Student: 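One structure, as structure tokens, below. Some questions next.
Each chain gets a letter, A, B and so on, in the order its sequence line appears, and its residues count up from 1. All figures in this text were calculated on a predicted structure; none of them were measured in a lab.
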2 protein chains.
Amino acid sequence: MAISIKDVAKMAEVSVATVSRVLNKNTNVKEETEKRVLDAIEKTGYKPNAIARSLKVKNTRTIGIMIPDISSNFFPEVVRGIEDVANEFNYNIILCNTDLDREKESKYLDILVEKQVDGIIYMSNTFTDQLAEKVKKMGIEIVLISTDYKDLPSITIDNVKASKDAVDYLIEKGYENIALIGGQMTDPNAGLPRYNGYINAMSHAGKTINKDFIVEGNYKFESGYTGMKKLLELEKKPDAVFTVSDEMAVGIIRAVLESGYKVPKDMAVIGFDNTNMAKMTYPSLTTLSQPLYEMGAVGMRLLTKLLNKEEVENHKIVLEHELIKRESA
Amino acid sequence: MAISIKDVAKMAEVSVATVSRVLNKNTNVKEETEKRVLDAIEKTGYKPNAIARSLKVKNTRTIGIMIPDISSNFFPEVVRGIEDVANEFNYNIILCNTDLDREKESKYLDILVEKQVDGIIYMSNTFTDQLAEKVKKMGIEIVLISTDYKDLPSITIDNVKASKDAVDYLIEKGYENIALIGGQMTDPNAGLPRYNGYINAMSHAGKTINKDFIVEGNYKFESGYTGMKKLLELEKKPDAVFTVSDEMAVGIIRAVLESGYKVPKDMAVIGFDNTNMAKMTYPSLTTLSQPLYEMGAVGMRLLTKLLNKEEVENHKIVLEHELIKRESA
DNA sequence: TTGTAAGCGTTATCAG
DNA sequence: CTGATAACGCTTACAA
């Protein structure tokens, strides 16, 4: 049996209450007593049992993170942001990969509730009424990152503005025929709004929208590659393409290069996300940067405030994006 | 106040013991009683409190993962492997980023112990006597991934063999002057052994070792880039380079391309890790693949066995590596 | 300044 | 088959 507060109390010849007091830095302990207790802790190698403590104080100082897949490009950096500020505020994180699977998601949510996490950060998917109801009933604090839902706290960027900025840049640079390899239109987070941004920019510049220049992708390398191949087969080819993930951008570049064209001379390419990879590719990627780390950090910071019942002026935080200009456009 | 087993018991007009029984699928419950309890659970929306349960049963079904940095290339995939089998065996994971900082590491270890994790997976660094002693004293199960220490359970690959295989391939292909951009010699996991593998292959093939062709890097893009620049300034340049991370390989390729040379025609490049990026670069990377996901999965599987006190024939698991042949060499 | 004791929400032993 | 109850390791009134 591991040693408990009792053993320490016995050795220090005090009550467990006193030990608890020095553990929790309660001031009302005589210095000499405190020293005895500290000694005993040292000697026994005692480590407090956080589970027992949690049961009593009704918080666990752990929060749950629900993401689709830590091994996909987007998430590690925001998780890092979360964990850094979690750590700063003495929280730990339980990581859950949902694979965008509603059933897994629901199961994980139950587990997190049962494990009494103090809060949840959700970036898994589009949020649903069902989830919202569950969370509400459980009385658990939640913040959404990179997705939004009714009046729940969330951290996002302005996807249509971001998208428009990217296309505007292409237009300013004088590109005439700008294509879009977008996300799924059914994706209300990164699909639709970025499509709208593209349309906005084009219309605003008085350019006609060419349906052939709009192709749907799924954010993955292959879909960028095949999407570009399709564009390259067109009679009238685009001279620039904006796409909504860096992976797709890299796929696009490969398709272009393989066809003997140059980037950006023959085909400019703008990606999205500014993932690690973006600065490493050749040519390096001009890309619309989401502040990934910051999104995580700010989200977690918001959650701590919520947990402390601090007054927060604004639950809906929209972070600034930035167009990172490199070689590909 | 959240509803507890008591509320359920009251509503079902049974004792808490009985509720506990149906919760834990204990057979000794009359079917009709069980139904009453299930009904009450349903009506109240009761969720068991895992913290209270853990306090009693002395396990938490959560394990701790210590890694340097989830946002660096290597780890997300192995964490995913860990989490998948953890989930399969009803464990959750607490993620800790240590930044290779001994102090942070030690602090996290304490926290994990206090939170009563059932086990730990460690990939943070080289393991130390100090850590080992602590873990032992705490009586906590641990498995190391991608590092090794005395008689502790570990999952690794054969780094010298892997490295030798890569260089052998270059030799077979007829490259004459093969350089190495390696890790730090002070790194006993990926630095020294991979250096040794290079030396082995070269000696074995009867090639003289050219000190100028060996440069030290730190696994990052920049160090590959600058390392290659240095190599390119040599009077007598190499015609191939083996490096010990994909990031460095990508940096190398940029340096080569910028200097107007072609990959692999003028300079063959082999990387290490087969990270996501490897198949996306142009030219795509020939690289020594570590089975990242599998390392995580196998490591976690081993941990479950350890936790179940199952007999394990072999605590030291060496996984197979594989040379993935693509365009860069 | 310190100790006593109740209680957090479970499980498990023991009786019945 | 079911119920009382002690116990898990801690915190926190309340008393002294």
Side-chain angles (χ1 to χ4, degrees), chain A residues 1-38 40-41 44-62 110-118 138-139, chain B residues 1-38 40-41 44-62 90 110-111 113-118 138-139:
Chain A
M1 177 79 32
I3 51 159
S4 81
I5 201 172
K6 271 188 198 163
D7 306 294
V8 176
K10 201 168 298 173
M11 171 172 283
E13 296 179 301
V14 296
S15 72
V16 294
T18 300
V19 177
S20 176
R21 284 189 191 100
V22 347
L23 249 21
N24 296 289
K25 311 205 186 312
N26 185 312
T27 46
N28 298 336
V29 178
K30 214 201 299 175
E31 195 164 335
E32 188 241 313
T33 323
E34 180 178 10
K35 189 172 304 177
R36 272 215 324 280
V37 172
L38 259 17
I41 289 175
T44 53
Y46 167 73
K47 293 268 178 281
N49 182 325
I51 294 296
R53 173 166 215 286
S54 287
L55 181 58
K56 184 68 190 173
V57 301
K58 292 176 166 334
N59 67 244
T60 53
R61 299 212 80 84
T62 113
D110 282 342
I111 293 176
L112 291 175
V113 169
E114 293 183 8
K115 293 208 171 173
Q116 313 293 122
V117 295
D118 296 340
M138 300 305 166
Chain B
M1 176 80 33
I3 50 159
S4 81
I5 201 172
K6 271 187 197 163
D7 306 295
V8 176
K10 203 169 296 173
M11 172 172 283
E13 296 178 302
V14 295
S15 73
V16 294
T18 300
V19 177
S20 177
R21 284 188 191 100
V22 348
L23 248 21
N24 295 289
K25 312 208 186 313
N26 185 314
T27 46
N28 298 334
V29 177
K30 213 202 301 177
E31 194 165 336
E32 188 242 314
T33 321
E34 181 179 8
K35 187 172 305 177
R36 269 214 325 279
V37 171
L38 259 16
I41 288 174
T44 54
Y46 167 74
K47 293 267 177 282
N49 182 326
I51 295 295
R53 174 166 214 286
S54 286
L55 181 58
K56 186 67 188 171
V57 301
K58 293 178 167 332
N59 67 242
T60 53
R61 300 213 80 84
T62 112
N90 292 113
D110 282 343
I111 292 175
V113 168
E114 293 183 7
K115 293 207 171 173
Q116 313 293 121
V117 295
D118 296 342
M138 300 305 166

Student: Could you please name the option among dC8(C), dC10(D), dG3(D) that lies closest to any side-chain atom of V14(B)?
Tutor: dG3(D)
Student: End-to-end bend of the helix from dT1(C)-dA16(D) to dG16(C)-dC1(D) (five-pair axes, 10° rounding)?
Tutor: 40°
Student: My understanding is that only residues two or more places apart in sequence, or in another chain, count here; which of them pass side-chain hydrogen bond (donor to acceptor under 3.5 Å, both in side chains) with K47(B)?
Tutor: none
Student: For the pair made of CD in E13(A) and C1' in dG3(C), what is the distance, rounded to whole Å?
Tutor: 15 Å
Student: If each of K47(A) and E31(B) is mapped to the nucleotide of DNA chain D with the nearest heavy atom, which maps nearer the 5' terminus, i.e. the 5' end?
Tutor: E31(B)
Student: Any heavy-atom pair between the side chains of I5(B) and S20(B) that's under 4.5 Å?
Tutor: yes
Student: Mind checking if S54(A) touches a base, just sugar-phosphate, or nothing, with heavy atoms under 4.0 Å?
Tutor: nothing
Student: Report the distance from atom NZ of K30(B) to atom P of dG3(D), rounded to the nearest whole Å.
Tutor: 10 Å
Student: Who passes salt bridge (Lys or Arg N to Asp or Glu O under 4.0 Å) against E32(A), sequence neighbours left out?
Tutor: R36(A)
Student: Just to verify, what does T44(B) make a side-chain contact (heavy atoms from CB on, under 4.5 Å) with, not counting sequence neighbours?
Tutor: I3(B), V8(B), M11(B), Y46(B)
Student: Of the nucleotides dG9(C), dC1(D), dC10(D), which has the atom closest to the A52(B) side chain?
Tutor: dG9(C)
Student: Starting at CZ of R36(A) and ending at C1' of dT1(C), how long is that distance when rounded to a whole Å?
Tutor: 12 Å
Student: In B/S/- notation, 5' to 3', how is nucleotides 11-16 of chain D contacted by protein heavy atoms closer than 4.0 Å?
Tutor: BBB---
Student: Taking salt bridge (Lys or Arg N to Asp or Glu O under 4.0 Å) as the cut-off, I'd like each qualifying pair that reaches into residues 5-25 of chain B, sequence neighbours left out, listed once.
Tutor: none
